[in-house]
Structure formats: C-alpha cells, structure tokens
S.K.: 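Quick one: this structure, given as structure tokens, is what I'll be asking you about.
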Amino acid sequence: MYLEIVKNGGRFPCDTHSLEDGDRLAELLGMGLLVPDSDEPDVLVAVDPAQLADRISNTWQRQALDLLSRAVSLPLELQELSQEFHSQRQTGGSIEYVHGKVLINQRLGQCISAGMEEALALQPGGPRPPELLDAMIERDLETLERGTTMRTIYHASTRYHQPTRDYVAKLAGAGGQFRTLDEPYIRLIVIDRRIAVVPIADDMTSAAFIFEPTIANYLAEAVFEPSWNRALDFDGDRAVPQQVVPRLRQTIIDLLLAGANHRVIARRLGISERTLARHIAEMREEYNVDSLFQLGYALARASEGSPE
C-alpha cells in the first residue's frame, strides 16, 4: 500500500480509502511512514523511509543510553532494599538460613566481594576436589592481592594430595596462611569477625549465616584461634612434618577408645577407610597384637600408663 501511494505522487486523500484499507493505514501511520499533511489534514503524505530510519535509530540510541545508565546505577539504587531484605525482619533475627550448595557458595561470594579484610576458615573433609580448587584459585588470589588476610585449616590428609598442595603453594606465595590439624572439627568460616557461617546439615547442603559481630568474634576467638594454635604450618611443600603421623594416630586411638566406628573416624579425620585401616594395621604391628579388640585393650593400658 505504501508503494502504491508513492507511485501516485506520495499523497493519499483519507476520504478515498475503503474499510479494508483502515487497518493498513493505521499501521503505516503508527510506523510513521505516513503523516497528515500540515496544510491539508485530510491528506496523508508518504515519509522518506531513510529519514524515518535515522529518526528511529536516534530515538533507540537515546533509549539504549538511558537503559545503560539505569543498569549501572541499579545496584546502588537497590542496595538499601537488599539490606532490608537481609535484615532481621527478613532472616529471622540475625541468622540467615541458606539451603543448597550453589546458593551457599553464591551467598559466600557476596560476603567475600563486599570489601573483606579477614577470612578465617576451618575446612574439614580431607583433600579438596580438584575442580573446586581450580574454580576457587583465581578468586582467592585476587582477594589476597587486595590485602585480605586469609587463614585456613585443613585436615592432615591434604598434605598427601597434589592438587591441594599446588593450590596451597600458590596462595601461600601470595600471602595466604595454611595449617593442618589432626583432630575432628566442624566447618566454620568467619568473615571480618562480623559474619560467621556454620553448617546445619551433615551433608553440608544447608548453612546458617550469622550476621552478629559478637557471635562471629566469639567463634573466631573460642573455636578458630585455639585450633590454629594447635595446628601445624602447611605451605604446600611435599615434605610432611614428623609430628603429623604420631598426632594423627593418637587421635585415631582416642576415637577408638571412645567407641567410634571406622566410618565415623575416617569421616571426622578426612581420610579414607582404607587409609584408616592401614594406620590401624601398623599400630597392631607396633603393639604386637592380632585383633582390634587386643589393640583396644593395649591402647587402653598404654593410655593409663599401666605396665604391659
């Protein structure tokens, strides 16, 4: 229809259109390809599509710049709402419960990216999965480069895991501090002594984010710092301090005497049941006994200081 109007001189008297033309005329008017003549309002005039394209393009560019400006300012504009969302009224006091490992990691990332100055972590469970270490290393190096203090405690079994050693060596070279502890402990993360993160499920799929500086500082001082003082330095080096194996075996002895089964002991110490079995076998040989029952008896007597 537009081409027909152009062929007929670019003008179209409104009183000549049929009912069938109404929708098409409305569409052309809406697009701006037809406009009323300024001298004859009852006549529609065809508009140069190139001029129309320039005009629409300029309009869209202005809209795009406006959207870009709004996109840049949006996080700041919503910061107050976000703070309100995570306030006591929204999180059931000063504790926020997060379910699912993806959401837990996402929430941790938000806390870490907010100008963190200190991070303390008790990380049980033995060697870290290589893919997790690969995903974390760049973020952690950037965090250290910003001047953040990072101290982490692992189980001693991580000393025998090459990917974990490589990760620790790189971060230690950038200022990160690591130690290993040969005893059971629970997962704990403390950020700037203002936020504490603790698990609320054995499978680590739920966590409590405690936004209370008094509690976070208490956990740092009463749980993390004593554990740090008992732990042994770890810089990713292949050499294992001679205290590691005796201390690990003493913990195994303590747990056996407490009645813990092999699976529980292995999980608490971050080692495999096969590794645990090897330690027990070597201790049985050391104490010259044949059965686990005899080993337990010998260990009990030894712990009491009784003569053999």
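Given the structure is predicted, the values throughout are model-derived calculations rather than measurements.
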S.K.: May I ask you to test the P199-S206 pair for a side-chain heavy-atom distance under 4.5 Å?
M.R.: no

S.K.: Going by the rule side chain to side chain donor-acceptor pair (under 3.5 Å), which residues pair with E273 if we only count those two or more places apart in sequence or in a different chain?
M.R.: none

S.K.: To the closest 0.5 Å, what do you measure between CG (L141) and NZ (K170)?
M.R.: 8.0 Å

S.K.: Out of curiosity, T143 OG1 to L171 CG, how far, rounded to the nearest 0.5 Å?
M.R.: 9.0 Å

S.K.: Check whether M136 and I153 end up in the same hydrophobic cluster, where Ile, Leu, Val, Met, Phe, Trp and Tyr are linked by side-chain heavy atoms less than 4.5 Å apart.
M.R.: no

S.K.: Determine, using the 4.5 Å side-chain heavy-atom cutoff (strictly less than), whether L133 and L144 are members of one ILVMFWY cluster.
M.R.: yes

S.K.: Is a side-chain N or O of N105 found less than 3.5 angstrom from the main chain of K101, in a donor-acceptor match?
M.R.: yes

S.K.: Could you grab the distance from atom OG1 of T180 to atom OH of Y160, nearest 0.5 Å is fine?
M.R.: 9.0 Å

S.K.: Let me confirm one number: the SG-CG distance from C111 to D192, rounded to the nearest 0.5 Å.
M.R.: 10.0 Å

S.K.: Could you check if a side-chain atom of T152 sits within less than 4.5 angstrom of a side-chain atom of Y154, using non-hydrogen atoms only?
M.R.: yes

S.K.: Apply ring-ring contact (aromatic ring centres under 6.0 Å, His included) to F224 and list each qualifying residue two or more places apart in sequence or on a separate chain.
M.R.: W228

S.K.: Tell me, which pairs form a side chain to side chain donor-acceptor pair (under 3.5 Å) where one or both residues lie in residues 65-76, sequence neighbours left out?
M.R.: S73-E77

S.K.: Would you call V47 and L34 a side-chain contact if the rule is heavy atoms closer than 4.5 Å?
M.R.: no

S.K.: When you group the ILVMFWY residues by side-chain heavy-atom contacts below 4.5 Å and let the links chain together, are L248 and V264 in the same group?
M.R.: no

S.K.: Does the side chain of Y2 come within less than 4.5 Å of V6's, by heavy atoms?
M.R.: yes

S.K.: Would you call the rings of Y167 and F178 parallel, tilted or perpendicular, where under 30° means parallel and over 60° means perpendicular?
M.R.: perpendicular

S.K.: Going by the rule side chain to side chain contact (heavy atoms under 4.5 Å, CB included), which residues pair with Q106 if we only count those two or more places apart in sequence or in a different chain?
M.R.: L103, Q110

S.K.: Which heavy atom in R159 sits nearest to a heavy atom in R165, and how many Å separate them?
M.R.: O-NH1, 2.8 Å

S.K.: Quick one: CG on L256 to OG1 on T251, what's the gap to the nearest 0.5 Å?
M.R.: 11.0 Å

S.K.: Go through L29 and V35 one step at a time and tell me if the side chain to side chain contact (heavy atoms under 4.5 Å, CB included) criterion holds.
M.R.: CA-CA 6 Å; L29 285 166; V35 297; 5.6 Å; no

S.K.: Within the side chain of E212, is there an N or O that forms a donor-acceptor pair under 3.5 Å with the backbone of T214?
M.R.: yes

S.K.: The criterion is ring-ring contact (aromatic ring centres under 6.0 Å, His included); which residues satisfy it with F209, sequence neighbours excluded?
M.R.: none

S.K.: Taking atom CD of E285 as the centre, report whether more than 12 heavy atoms of other residues, nucleotides or ligands fall under 6.0 Å from it.
M.R.: no

S.K.: Quick check: closest heavy atoms across R247 and L181, and the distance to 0.1 Å?
M.R.: NH2-CD1, 4.5 Å

S.K.: If you look at every heavy atom in A208 and I200, which pair is closest and at what distance?
M.R.: CB-CG2, 3.9 Å

S.K.: Just by distance, with hydrogens left out, do T59 and Q63 show a side-chain donor and acceptor under 3.5 Å apart?
M.R.: no

S.K.: Can L232 and F234 be said to form a side chain to side chain contact (heavy atoms under 4.5 Å, CB included), step by step?
M.R.: CA-CA 6 Å; L232 299 174; F234 179 34; over 6 Å; no

S.K.: Excluding sequence neighbours, so at least two apart, what forms side chain to side chain donor-acceptor pair (under 3.5 Å) with R179?
M.R.: D233

S.K.: Do you reckon L120 sits in the same ILVMFWY cluster as I186, going by side-chain contacts under 4.5 Å, direct or chained?
M.R.: no

S.K.: Quick one: does Q177's side chain get under 4.5 Å of T149's, heavy atoms only?
M.R.: yes

S.K.: Nearest 0.5 Å, what's the CD1-CG distance between I195 and L219?
M.R.: 13.0 Å

S.K.: Looking at P127 and G270, what are the two nearest heavy atoms and their distance?
M.R.: CD-O, 3.9 Å

S.K.: Are any of the side-chain heavy atoms of M283 and I253 separated by less than 4.5 Å?
M.R.: yes

S.K.: Can you tell me if Y185 uses its side chain to pair, donor with acceptor, with the backbone of Q123 under 3.5 Å?
M.R.: yes

S.K.: Any link between L74 and L68 through a network of hydrophobic side chains (Ile, Leu, Val, Met, Phe, Trp, Tyr) touching at under 4.5 Å?
M.R.: no

S.K.: Hey, mind stepping through I189 and I191 against side chain to side chain contact (heavy atoms under 4.5 Å, CB included) and telling me if it holds?
M.R.: CA-CA 7 Å; I189 297 175; I191 299 173; 4.1 Å; yes

S.K.: Minimum heavy-atom separation for A119 to T148, with atom names?
M.R.: N-CG2, 4.4 Å

S.K.: Any ion pair linking R284 and D290 (charged N to carboxylate O, less than 4.0 Å)?
M.R.: no

S.K.: Q61 vs L65, test: side chain to side chain contact (heavy atoms under 4.5 Å, CB included). Steps then yes/no.
M.R.: CA-CA 6 Å; Q61 288 181 46; L65 289 173; 5.5 Å; no

S.K.: State, to 0.1 Å, how close R268 and H155 come at their nearest heavy-atom pair, and which atoms those are.
M.R.: O-CE1, 2.8 Å

S.K.: Would you say that M116 contacts R146 through its side chain, given a criterion of any heavy-atom pair below 4.5 Å between the two side chains?
M.R.: no

S.K.: Tell me, do L188 and V197 make a side-chain contact under 4.5 Å, heavy atoms counted?
M.R.: no

S.K.: Using distance alone, with no hydrogens and no angle criterion, decide if N229 and E225 have a side-chain donor and acceptor under 3.5 Å apart.
M.R.: no

